[in-house]
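These notes concern the structure reproduced below.
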Amino acid sequence: MFYLPGYSPELNPDEGVNGDLKQAVTRKEPARSKAQLKRAAIGHMRKLSKLPDRVRSSVRVKRVAALVS
C-alpha cells in the first residue's frame, strides 16, 4: 500500500492522458454539440491507443514511475 496525498495529480498517470486529450480537442475547431465533442474525444483516444509510447510518457515522471514499477 502506498500513501498518496489527498490531491496529487502529478502522481496520477491518468492526468497526463487527460491533459493530452484536453490539448488535442481544444486545438481543433470548437465542438458545437455533445456529439461533436464525443467524436473528437473518441477519435483522439483511438489515436492514442495506436501510440503507446506517447501514453507511456505520461508515467515517465520519476515519482509516478517508482509507484508503477
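Atom CG in Leu37 sits 9.5 Å away from atom CD1 in Ile42 (nearest 0.5 Å). Taken from NZ in Lys28 to OG1 in Thr26, the straight-line distance is 10.5 Å, to the nearest 0.5 Å.
When all heavy atoms are compared, the tightest approach of Ser49 to Pro52 is O-CD, 4.4 Å.
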Side chains of residues 15-25: which donor-acceptor pairs under 3.5 Å do they make with residues two or more places apart or in other chains?
unit_1: Asn18; atom_1: ND2; unit_2: Asp14; atom_2: O; d: 3.4
unit_1: Asp20; atom_1: OD1; unit_2: His44; atom_2: NE2; d: 2.5
unit_1: Asp20; atom_1: OD1; unit_2: Arg54; atom_2: NH2; d: 3.1
unit_1: Asp20; atom_1: OD2; unit_2: Arg54; atom_2: NE; d: 2.8
unit_1: Asp20; atom_1: OD2; unit_2: Arg54; atom_2: NH2; d: 3.1

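Linking Ile, Leu, Val, Met, Phe, Trp and Tyr residues whenever their side-chain heavy atoms come within less than 4.5 Å leaves Met45 and Leu51 in two separate clusters.
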